[in-house]
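These notes concern the structure reproduced below.
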Number of protein chains: 2
Amino acid sequence: MPAIARTTPIERQIESVSSATPSYGVDMDLDDEEDELNNLNIPDVVIRRLPIYVRTLHSLIEHGQVSVSSEELATLIGVTAAQIRRDLSYFGKFGKQGRGYDVGYLSNTVERILKLDRTWNMVLCGMGKLGHAIANYRGFMRSSFEIAALFDSDENLVGEEVNGHPIRPMRDLVETMRREHIQVGIIATPRKNAQETADLLVAGGVQAILNYAPVILKVPDHVTVREIDPVSALQSMTYYIED
Amino acid sequence: MPAIARTTPIERQIESVSSATPSYGVDMDLDDEEDELNNLNIPDVVIRRLPIYVRTLHSLIEHGQVSVSSEELATLIGVTAAQIRRDLSYFGKFGKQGRGYDVGYLSNTVERILKLDRTWNMVLCGMGKLGHAIANYRGFMRSSFEIAALFDSDENLVGEEVNGHPIRPMRDLVETMRREHIQVGIIATPRKNAQETADLLVAGGVQAILNYAPVILKVPDHVTVREIDPVSALQSMTYYIED
DNA sequence: TGTTCATTGTGACGTATTTCACAACATCGT
DNA sequence: ACGATGTTGTGAAATACGTCACAATGAACA
Ligand SMILES: NC(=O)c1ccc[n+]([C@@H]2O[C@H](COP(=O)([O-])OP(=O)(O)OC[C@H]3O[C@@H](n4cnc5c(N)ncnc54)[C@H](O)[C@@H]3O)[C@@H](O)[C@H]2O)c1
Ligand SMILES: NC(=O)c1ccc[n+]([C@@H]2O[C@H](COP(=O)([O-])OP(=O)(O)OC[C@H]3O[C@@H](n4cnc5c(N)ncnc54)[C@H](O)[C@@H]3O)[C@@H](O)[C@H]2O)c1
């Protein structure tokens, strides 16, 4: 059973995460009560950087660049080269001394690590203003994600078609998720209904939740949650403003 | 002149919202001579937690609760009590042994720390679909923020009124910001135009940028940037999904 | 006023993450 | 074939962050 807390609730909103044991060096001893061959001690903060690497590599591919050094990538992204090399080294050796990394190969590799080499179907709960905007956003599809079904508790909205999908009643959520084996959910309900929605998603077998409602959700350990919260982002920036 | 790099570009992007670590190598010389009386070495990760504390305290106030212990607050938020006490201790002593914290007082105090005890006017650049949604979102106003002016480079959009504000041409941006002393900007332009928009915001004197475009912005050190990036958030969650 | 109780604030410690710095090595030009 | 060059991958060190645990102390009440 997962003994590792991937994210403490507040960190979904923020950054930095505590996992477990150091990790370095060899291994193969008696510790690890959790070696999924996968989720093997890799800091979540590293995982959260990988999508940026992928995005940046894509942009290099667009420009026709075929190889890149950690230094160049680092400059583009705004981190240190050492950090990029260390991050990648958690997963293997993908570069060549003197040459750097093959852009296409590295991009594919990181995508495979993140399991982006497939399409993830998602359910979207709460079809108010935000829900409509999300359902119409084309950025997801271009990134391994697809909104497969829309849900709202308001019977007046049920049946309306948004971007090719009908809005369905919440009572169908769990069954739909199970039937279609959907493991990713988006919450766009009002704040007060977010937790109950999360509970239903969990009942449906959700493993990842993107939460737009400004609340801390309580979910089982095996569920990952990330929050989208522009207000908190703004509120933490004003601290630094010097008048 | 702050010598501390508040945000490492990639960290703005990591996680739905977020940004920033205190600098490591950045202020290389004479040790840390940087005591703004304010930005005094307090870890950015702490600053990013404060809005959650505020939000949670508000919810307690709504429920009529007048005092709260670090333990209770911690349970609500999903962190440890020690962390909350440590975080607050960076700024002073706000609790009473045996009693905990006065909810209203603590809320006000943290808001004052974050400079939320005033209204921040913002400019919004890029009035496409997302821009319209943001302009109509009422969550900002309820949180010390107000969208004061809208901008788009498309002359066909200029003049259109959204939520009571006319869309203005980008060429007016810098002057408007200076005239109205606006220090917060939101970028909702296409990816490829985000950097040029950021440059204009900087020219206008921006100090905080909320960036919805999926790019790493290069800005001067005194500017804080946080990114809203649901795609990256999703892409980092799939890693953990066990099929 | 003294005793009990709950809970803070923080030094000391432990873990997590980043950076340094360099040996190892692939490639290239000659 | 070989030295020069550039860049990786990674131990070791440095730094940042989180937690433990407890002395200090305010409030309640006898
Ligand atoms: N993070 C962001 O960028 C962002 C932006 C805008 C809004 N929000 C948040 O998103 C949420 C929705 O905002 P909105 O403007 O779309 O509000 P809205 O009122 O327009 O829409 C909410 C929708 O949720 C539905 N709903 C209510 N209870 C439900 C339930 N239990 N299950 C399913 N659906 C339910 C309602 O019927 C309604 O259609 C709010 O929490 C708001 O704070 C976040
Ligand atoms: N983070 C999120 O949640 C999220 C959601 C949706 C879209 N996005 C991103 O937001 C951006 C906008 O998305 P959209 O769907 O609104 O696109 P859109 O094409 O509907 O709107 C873009 C608008 O920006 C304007 N624009 C272009 N160049 C400009 C410039 N230099 N200065 C000012 N305005 C300029 C265009 O005229 C247009 O009105 C994209 O980068 C998209 O990827 C982010």
Side-chain angles (χ1 to χ4, degrees), chain A residues 4-11 14-27 31 41-49 66-75 77-103 105-106 109, chain B residues 4-6 8-11 14 20-28 31-32 41-49 66-75 77-103 105-106 109:
Chain A
I4 289 184
R6 203 137 46 239
T7 62
T8 72
I10 201 170
E11 285 161 340
I14 296 178
E15 183 267 330
S16 156
V17 151
S18 43
S19 281
T21 53
S23 83
Y24 290 23
V26 259
D27 37 51
D31 61 271
N41 290 56
I42 294 165
D44 184 74
V45 67
V46 171
I47 300 300
R48 287 203 309 286
R49 276 192 289 267
V66 299
S67 101
V68 69
S69 68
S70 60
E71 191 59 48
E72 185 182 3
L73 199 49
T75 304
I77 295 176
V79 296
T80 65
Q83 180 162 75
I84 290 180
R85 295 201 301 275
R86 169 73 68 203
D87 283 355
L88 296 176
S89 80
Y90 281 109
F91 304 98
K93 304 181 181 188
F94 311 118
K96 290 182 191 167
Q97 285 100 330
R99 299 292 287 158
Y101 302 87
D102 179 276
V103 176
Y105 173 65
L106 185 58
T109 302
Chain B
I4 287 190
R6 194 137 53 240
T8 296
I10 197 176
E11 286 163 341
I14 277 180
T21 21
S23 76
Y24 285 38
V26 173
D27 77 333
M28 47 216 86
D31 294 354
D32 27 351
N41 288 58
I42 294 166
D44 185 74
V45 68
V46 171
I47 301 300
R48 277 184 275 113
R49 277 192 288 266
V66 300
S67 102
V68 68
S69 68
S70 59
E71 191 59 48
E72 185 182 3
L73 198 50
T75 304
I77 295 176
V79 296
T80 65
Q83 180 162 77
I84 289 181
R85 295 201 300 275
R86 168 73 66 204
D87 283 355
L88 295 177
S89 80
Y90 281 109
F91 304 98
K93 305 180 180 190
F94 310 117
K96 292 181 192 171
Q97 284 99 331
R99 299 293 287 160
Y101 302 87
D102 179 277
V103 176
Y105 173 66
L106 184 59
T109 301

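Being a predicted model, the structure only gives us computed values, none of them experimental. All chains are named by letter (A, B, ...) in the order of the sequence lines, taking the proteins before the strands, and each is independently numbered beginning at 1.
Atom C1' of nucleotide C:dT10 and atom CZ of B:Phe91 are separated by 16 Å, given to the nearest angstrom. Atom pair B:Arg86:CZ and D:dA21:C1' shows a separation of 12 Å (rounding to whole Å applied). Regarding A:Gln83, its CD atom lies at a distance of 17 Å from the P atom of C:dA16, rounded to whole Å. Rounded to an integer number of Å, the gap from CG of B:Asp44 to P of C:dT18 is 14 Å. The nearest whole Å value for the distance from the CD atom in B:Glu71 to the C1' atom in D:dC20 is 13 Å. Taking atom CG of residue B:Asp87 and atom C1' of nucleotide C:dT8, one finds them 14 Å apart after rounding to whole Å. A:Arg49 has its CZ atom 15 Å from the P atom of C:dA16, to the nearest Å. Note: CD (B:Glu72) to P (C:dT8) measures 10 Å, nearest angstrom.
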(request) Determine, stepwise, if the pair A:Leu73 / A:Ile84 fulfils side-chain contact (heavy atoms from CB on, under 4.5 Å). (result) CA-CA 8 Å; A:Leu73 199 49; A:Ile84 290 180; 3.9 Å; yes
(request) Apply side-chain contact (heavy atoms from CB on, under 4.5 Å) to B:Val46 and B:Asp87, showing your working. (result) CA-CA 6 Å; B:Val46 171; B:Asp87 283 355; 3.4 Å; yes
(message) Assess the residue pair A:Leu88 and A:Leu106 against the criterion (side-chain contact (heavy atoms from CB on, under 4.5 Å)); give the C-alpha distance rounded to whole Å, side-chain angles, the decisive distance to 0.1 Å, and a yes or no.
(response) CA-CA 9 Å; A:Leu88 296 176; A:Leu106 185 58; 4.1 Å; yes
(message) Across nucleotides 22-30 of chain D, 5' to 3', mark each nucleotide with B, S or - according to how protein heavy atoms within less than 4.0 Å reach it.
(response) --BBBS---
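Applying the side chain to side chain donor-acceptor pair (under 3.5 Å) criterion to B:Gln83, with sequence neighbours excluded, gives no partner residue. Here B:Thr109 pairs with nothing under the side chain to side chain donor-acceptor pair (under 3.5 Å) rule; sequence neighbours left out.
The side chain of B:Tyr101 places an N or O atom within less than 4.0 Å of a non-bridging phosphate oxygen (OP1 or OP2) of C:dG9. OP1 and OP2 of C:dT7 both lie 4.0 Å or more from every side-chain N or O belonging to B:Ser70.
Distance from the side chain of A:Ser69 is smallest for D:dT7 among the nucleotides D:dT10, D:dT7, C:dT17.
Taking for each of A:Val46 and B:Tyr90 the nucleotide of DNA chain C with the nearest heavy atom, the 5'-most of the two is the partner of B:Tyr90.
In summary, of the residues considered (A:Ser69, A:Ser67, A:Ser70), a side-chain contact (heavy atoms from CB on, under 4.5 Å) with A:Tyr101 occurs for A:Ser70 alone.
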Side-chain donor-acceptor pairs under 3.5 Å in residues 89-99 of chain B, sequence neighbours left out?
unit_1, atom_1, unit_2, atom_2, d
B:Ser89, OG, B:Arg86, O, 2.7

